[in-house]
Asks: 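Encoded as structure tokens, here's the structure I'll be asking about.
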Amino acid sequence: MGHPPLEFSDCYLDSPDFRERLKCYEQELERTNKFIKDVIKDGNALISAMRNYSSAVQKFSQTLQSFQFDFIGDTLTDDEINIAESFKEFAELLNEVENERMMMVHNASDLLIKPLENFRKEQIGFTKERKKKFEKDGERFYSLLDRHLHLSSKKKESQLQEADLQVDKERHNFFESSLDYVYQIQEVQESKKFNIVEPTRNHFSSTREEMEELKKRMKEAPQTCKLPGQPTIEGYLYTQEKWALGISWVKYYCQYEKETKTLTMTPMEQKPGAKQGPLDLTLKYCVRRKTESIDKRFCFDIETNERPGTITLQALSEANRRLWMEAMDGKEPIYHSPITKQQEMELNEVGFKFVRKCINIIETKGIKTEGLYRTVGSNIQVQKLLNAFFDPKCPGDVDFHNSDWDIKTITSSLKFYLRNLSEPVMTYRLHKELVSAAKSDNLDYRLGAIHSLVYKLPEKNREMLELLIRHLVNVCEHSKENLMTPSNMGVIFGPTLMRAQEDTVAAMMNIKFQNIVVEILIEHFGKIYLGPPEESAAPPVPPPRVTARRHKPITISKRLLRERTVFYTSSLDESEGDADSFSKVRPPGEKPTIIRPPVRPPDPPCRAATPQKPEPKPDIVAGNAGEITSSVVASRTRFFETASRKTGSSQGRLPGDES
């Protein structure tokens with residue numbers, strides 16, 4: 001079962017819904033921890049049992065090898081010699097099997113048990129330490145905040161300022177702990193996948209870098225991120241409630257929607273015997289509460305249609321009160337700091353000229369450069385090239401053949417230009433549909449849907465996309481030299497050609513699907529740009545999913561099954577030609593393939609004289625085919641001797657040889 005991503009912006013709100021989602025992650029982590037403990041315990045028990053079994057078999061093998069056959073008379077008969085030799089050969093066969101088994105046990109311990117133990121101790125253990133710090137800092141902050149809000153407004157200004165500074169410090173520490181804990185618990189949920197399946201590490205690494213960058217931005221400007229669909233403002237407020245025995249302040253989590261003027265208040269302290277649900281109120285007006293009129297700080301009054309009289313609310317700080325009053329169009333004046341909008345690059349004629357020049361110089365001089373587009377150029381040189389090319393006075397007047405511009409500077413400049421467009425090449429409008437298509441389990445639908453969506457792009461965007469993908473196809477055709485495959489190019493150009501309109505953790509989680517879209521465009525460039533699909537009005541409808549996706553991982557192409565070793569069991573009644581069809585040439589130094597003998601040897605001939613003449617059989621072993629065994633022991637001895645010789649001789653023949 002999937003969990004919704006934890007947004008870093010929720011750390012500053014610390015809403016009840018955020019705590020519930022965080023609890024789901026903690027329960028999932030605890031289940032993972034218990035599962036790993038059980039796997040380690042059962043795995044170690046199995047490895048111990050296999051080692052004990054292998055030791056017993058090896059001891060039995062040594063006993064067979066040390067067997068000495070006592071005889072009566074001057075010398076051993078042929079049958080007695082064969083019996084003694086068969087014991088030694090069987091002991092060597094057992095020894096070889098157990099050596100391979102012990103190698104497998106050793107690999108299981110090193111490649112499965114130890115990595116799981118390290119993951120549990122290092123990753124899960126570190127996450128639990130983060131949780132303890134988060135809970136400790138949260139308890140300290142809310143305890144201090146509760147005392148702080150009960151301070152009288154009539155205290156000295158110096159005392160109030162000192163208290164404000166102390167609360168701000170604890171608030172900062174708590175939010176830092178919350179950000180680190182949310183980042184860590186989501187990281188451990190992602191990292192547990194590549195600890196089992198290595199190929200997902202690239203997706204995890206790119207996602208982790210983006211999440212670290214988002215966390216850094218949130219620490220620098222925590223109030224700048226507002227997700228679409230969220231209320232205008234939300235957070236904790238205290239409400240003054242009058243009772244027969246006096247006045248109390250009750251804590252609520254409040255959400256206000258400015259368009260509908262709806263204030264939703266959810267009580268945080270449930271009364272015994274009755275569960276209170278959220279209360280929806282329609283705001284009439286809001287005004288700041290005069291300082292001298294109440295003993296509390298940070299207060300403001302509101303009136304609603306549903307409740308008679310005035311409702312007095314207390315914010316968490318002076319800055320928090322200003323935000324609430326601004327959202328509610330309160331009478332307290334609000335002062336804004338000017339925000340300068342960064343100049344954005346456009347997909348215009350100059351941009352097309354820049355992209356064509358970059359592609360031309362790359363394909364002419366650097367298409368075989370190892371790590372093309374993955375190796376980053378100097379940031380100073382990149383900015384210098386972009387400023388020179390997009391200079392308003394003489395745009396496009398740059399000589400790319402100048403020695404100042406090396407290949408990695410040009411590739412980094414091209415990526416920078418595409419990432420800083422006012423709207424990505426594949427547009428915000430089609431972003432969700434493209435990601436949804438990439439998430440499909442059905443490969444045919446995935447290709448058909450992306451094919452259809454490409455032709456829904458605006459004309460200039462589709463032209464730019466075709467120009468870029470054609471270039472990336474040319475780059476991938478030289479992958480033997482530059483080591484850049486379609487998968488690698490997808491990781492690089494997924495976030496370059498596609499991006500979500502909002503910076504959220506959910507958008508970061510979809511980066512891996514952006515990579516898949518670009519990879520599909522590269523691998524199927526000829527089909528997609530041959531022309532629009534026949535039914536371009538709408539993409540094909542995906543088939544209904546029958547099973548959960550966890551059993552069907554998303555891949556670009558179907559992979560061939562691994563070749564598995566064929567274990568051949570032969571008997572003396574089978575022809576040698578059939579056995580040869582399974583034989584292979586053994587490379588030098590390789591151990592001979594172990595061929596198990598039949599469960600039981602062939603029955604010996606009857607001792608009673610019979611008039612019937614036995615039918616001749618194929619000559620299996622030279623010199624012994626015409627002899628008739630005189631006893632059961634001789635028959636079994638011949639079987640082991642024949643099986644041993646046949647194993648050695650069959651390793652040197654190619655499949656199908658008739659020799």
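Please read these numbers as outputs of a predicted model, since none were measured by experiment.
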Asks: Can you list everything that forms a side chain to side chain donor-acceptor pair (under 3.5 Å) with Ser15? Sequence neighbours excluded, please.
Replies: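 Once residues adjacent in sequence are excluded, Ser15 has no partner under the side chain to side chain donor-acceptor pair (under 3.5 Å) criterion.
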Asks: So Lys296 and Leu149, do their side chains get closer than 4.5 Å, heavy atoms only?
Replies: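 SC-SC contact between Leu149 and Lys296 ruled out.
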Asks: State which residues pass salt bridge (Lys or Arg N to Asp or Glu O under 4.0 Å) with Arg140; sequence neighbours excluded, sorted by chain then number.
Replies: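 For Arg140 the salt bridge (Lys or Arg N to Asp or Glu O under 4.0 Å) partners, ignoring immediate neighbours, are Asp137, Glu170.
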Asks: Would you please say whether a donor-acceptor pair under 3.5 Å links the side chains of Lys432 and Asn510?
Replies: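 Absent: no donor and acceptor within the cut-off.
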Asks: With a 4.0 Å cut-off on N to O distance, would you call Arg446 and Asp441 a salt bridge?
Replies: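 A salt bridge is absent here (no side-chain N lies under 4.0 Å from a carboxylate O).
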Asks: Could you check if a side-chain atom of Lys128 sits within less than 4.5 angstrom of a side-chain atom of Glu30, using non-hydrogen atoms only?
Replies: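 Yes - at least one pair of side-chain heavy atoms lies under 4.5 Å apart.
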Asks: Among all residues two or more places apart in sequence or in another chain, which pass the salt bridge (Lys or Arg N to Asp or Glu O under 4.0 Å) test with Lys34?
Replies: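 Applying salt bridge (Lys or Arg N to Asp or Glu O under 4.0 Å) to Lys34 gives Asp38.
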Asks: With a cut-off of 6.0 Å (strictly less than), are more than 12 heavy atoms of other residues, nucleotides or ligands near CD of Glu135?
Replies: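 Counting other residues, nucleotides and ligands, CD of Glu135 exceeds 12 neighbours.
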Asks: Would you say CD of Glu162 has more than 12 non-hydrogen atoms from neighbouring residues, nucleotides or ligands within 6.0 angstrom?
Replies: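 At most 12 heavy atoms, drawn from other residues, nucleotides or ligands, come within 6.0 Å of this atom.
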Asks: Is it true that, when you exclude Lys415 itself, more than 12 heavy atoms of the residues, nucleotides or ligands shown sit nearer than 6.0 Å to its NZ?
Replies: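 Enclosed.
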Asks: Counting neighbours of NZ on Lys251 that are heavy atoms of other residues, nucleotides or ligands and sit closer than 6.0 Å, is the number greater than 12?
Replies: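 Enclosed.
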Asks: Given 3.5 Å as the limit, does a donor-acceptor pair link the side chain of Gln186 with the main chain of Leu6, or not?
Replies: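 At least one qualifying donor-acceptor pair exists.
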Asks: Going by side chain to side chain donor-acceptor pair (under 3.5 Å), name the residues that satisfy it together with Gln161, two or more places apart in sequence or in a different chain.
Replies: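 Expected list: none.
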Asks: Which atoms form the tightest heavy-atom contact between Ser191 and Phe119, and what is the distance?
Replies: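 Scanning both residues, the minimum pair turns out to be OG-CE1, 3.6 Å.
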Asks: Between the main-chain N or O of Pro495 and the side-chain N or O of Arg419, is there a donor-acceptor pair closer than 3.5 Å?
Replies: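 Not at all, since once roles are kept as given, no pair shorter than 3.5 Å links the two residues.
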Asks: Check whether any side-chain heavy atom of Asp329 sits under 4.5 Å from a side-chain heavy atom of Lys258, and report yes or no.
Replies: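 Yes. Closest side-chain heavy atoms under 4.5 Å.
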Asks: Does Tyr183 have any ring pair (Phe, Tyr, Trp, His ring centres under 6.0 Å) partners at least two apart in sequence or in another chain, and if so, which?
Replies: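 Per chain and number, Tyr183 pairs via ring pair (Phe, Tyr, Trp, His ring centres under 6.0 Å) with no residue.
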Asks: Please list, chain by chain and in numerical order, all residues satisfying ring pair (Phe, Tyr, Trp, His ring centres under 6.0 Å) with Tyr373, sequence neighbours excluded.
Replies: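 Tyr373 satisfies ring pair (Phe, Tyr, Trp, His ring centres under 6.0 Å) with His471, Phe493 once adjacent residues are dropped.
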Asks: Partners of Thr127 by side chain to side chain donor-acceptor pair (under 3.5 Å), sequence neighbours excluded?
Replies: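 Applying side chain to side chain donor-acceptor pair (under 3.5 Å) to Thr127 gives Gln184.
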Asks: Give a yes-or-no answer on whether the side chains of Thr310 and Asp301 include a donor-acceptor pair shorter than 3.5 Å.
Replies: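 Note: Thr310 and Asp301 side chains miss the donor-acceptor criterion.
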Asks: Near Glu139 CD, under 6.0 Å, is it more than 12 heavy atoms from other residues, nucleotides or ligands?
Replies: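 Incorrect, the count does not exceed 12.
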Asks: Give a yes or no on whether the backbone of Cys299 and the side-chain of Arg288 come within a donor-acceptor separation of less than 3.5 Å.
Replies: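 Not confirmed, Arg288 side chain does not pair with Cys299 backbone.
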Asks: Is a donor on one side and an acceptor on the other found under 3.5 Å between the side chain of Ser48 and the backbone of Ala45?
Replies: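 Not confirmed, Ser48 side chain does not pair with Ala45 backbone.
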Asks: How about Asn488 and Thr485: does a side-chain donor come under 3.5 Å of a side-chain acceptor?
Replies: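 Result is yes, a qualifying pair exists.
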Asks: Ignoring hydrogens and angles, tell me if any N or O in the side chain of Ser153 forms a donor-acceptor pair with the backbone of Ile294 under 3.5 Å.
Replies: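 Such a contact is found between Ser153 side chain and Ile294 backbone.
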Asks: Looking only at the side chains, is there a donor atom on one of Thr264 and Gln255 sitting less than 3.5 Å from an acceptor on the other?
Replies: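 No pair is found: no donor N or O on one side chain lies under 3.5 Å from an acceptor on the other.
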Asks: Has Lys215 got its NZ or CZ under 6.0 Å from the middle of the six-membered ring of Phe8, at an angle within 45 degrees of the ring axis?
Replies: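 No, Lys215 does not sit over the ring of Phe8.
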Asks: One thing to verify: whether Asp164 and Arg297 come together as a salt bridge, which I'm taking to mean a side-chain N less than 4.0 angstrom from a carboxylate O.
Replies: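 Salt bridge between Arg297 and Asp164, a charged N being under 4.0 Å from a carboxylate O: yes.
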Asks: May I ask you to say whether Arg321 pairs ionically with Glu318, meaning some side-chain N is under 4.0 Å from a carboxylate O?
Replies: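 Here Arg321 pairs with Glu318 in a salt bridge, since their nearest N and O are under 4.0 Å apart.
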Asks: Counting only heavy atoms not in Lys154, do more than 12 sit closer than 6.0 Å to its NZ atom?
Replies: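 More than 12 within 6.0 Å, yes.
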Asks: Just by distance, do the side chain of Glu306 and the backbone of Thr282 share a donor-acceptor pair under 3.5 Å?
Replies: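 Flag set: sc Glu306 to bb Thr282 pair under 3.5 Å.
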Asks: Among all residues two or more places apart in sequence or in another chain, which pass the ring pair (Phe, Tyr, Trp, His ring centres under 6.0 Å) test with Tyr238?
Replies: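 Applying ring pair (Phe, Tyr, Trp, His ring centres under 6.0 Å) to Tyr238 gives none.
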Asks: Can you list everything that forms a salt bridge (Lys or Arg N to Asp or Glu O under 4.0 Å) with Lys114? Sequence neighbours excluded, please.
Replies: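 Lys114 satisfies salt bridge (Lys or Arg N to Asp or Glu O under 4.0 Å) with Asp110 only.
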Asks: Going by ring pair (Phe, Tyr, Trp, His ring centres under 6.0 Å), name the residues that satisfy it together with Tyr236, two or more places apart in sequence or in a different chain.
Replies: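 Tyr236 satisfies ring pair (Phe, Tyr, Trp, His ring centres under 6.0 Å) with Tyr253 once adjacent residues are dropped.
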Asks: Report yes or no: does Asn33 contribute a side-chain atom to a donor-acceptor pair with the main-chain N or O of Leu29 at less than 3.5 Å?
Replies: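 Flag not set: sc Asn33 to bb Leu29 has no pair under 3.5 Å.
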Asks: Any ring-ring contact (aromatic ring centres under 6.0 Å, His included) pairs touching residues 130-163, not counting sequence neighbours?
Replies: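 Checked against ring-ring contact (aromatic ring centres under 6.0 Å, His included) - neighbours excluded - the pairs reaching residues 130-163 are Phe134-Phe174, Phe134-Tyr181, Phe141-Phe174, Tyr142-Phe174.
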Asks: Scan side-chain atoms only and decide if Thr262 and Asp280 contain a donor-acceptor pair under the 3.5 Å cut-off.
Replies: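 Judged by distance alone, the side chains do not pair up.
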Asks: Does any part of the side chain of Met268, heavy atoms only, come nearer than 4.5 Å to the side chain of Tyr252, both counted from C-beta?
Replies: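 No, every pair of side-chain atoms sits at 4.5 Å or beyond.
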Asks: Give a yes or no on whether the backbone of Ser436 and the side-chain of Ser440 come within a donor-acceptor separation of less than 3.5 Å.
Replies: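 No: the side chain of Ser440 does not pair with the backbone of Ser436.
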Asks: Can you see whether Glu423 engages Tyr428 through a side-chain donor-acceptor pair at a distance of less than 3.5 angstrom?
Replies: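 No, no side-chain donor-acceptor pair sits under 3.5 Å.
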Asks: Are the side chains of Thr411 and Leu372 in contact, using a 4.5 Å heavy-atom criterion?
Replies: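 Yes, close enough: below the 4.5 Å cut-off.
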Asks: Quick one, Leu386 and Phe416 - any side-chain contact, counting heavy atoms below 4.5 Å?
Replies: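 Sidechains of Phe416 and Leu386: in contact.
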Asks: Are Ile450 and Leu521 close enough that some pair of their side-chain heavy atoms sits under 4.5 Å apart?
Replies: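 A side-chain contact under 4.5 Å exists here.
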Asks: Given Pro424, which partner from the list Gln514, Gln501, Arg499 fulfils the side chain to side chain contact (heavy atoms under 4.5 Å, CB included) test?
Replies: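 Only one of Gln514, Gln501, Arg499 forms a side chain to side chain contact (heavy atoms under 4.5 Å, CB included) with Pro424, namely Arg499.
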Asks: Does the pair Lys23/Glu20 count as a salt bridge with the N-to-O cut at 4.0 Å?
Replies: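 Looking at Glu20 together with Lys23, the answer is no, because their closest N to O distance does not fall below 4.0 Å.
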Asks: If the condition is side chain to side chain donor-acceptor pair (under 3.5 Å), which residues does Thr239 pass it with, not counting sequence neighbours?
Replies: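 Counting only residues at least two positions away or on another chain, Thr239 forms no side chain to side chain donor-acceptor pair (under 3.5 Å).
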Asks: May I ask you to test the Ser178-Asp14 pair for a side-chain heavy-atom distance under 4.5 Å?
Replies: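 Of all side-chain heavy-atom pairs linking Asp14 with Ser178, none is under 4.5 Å.
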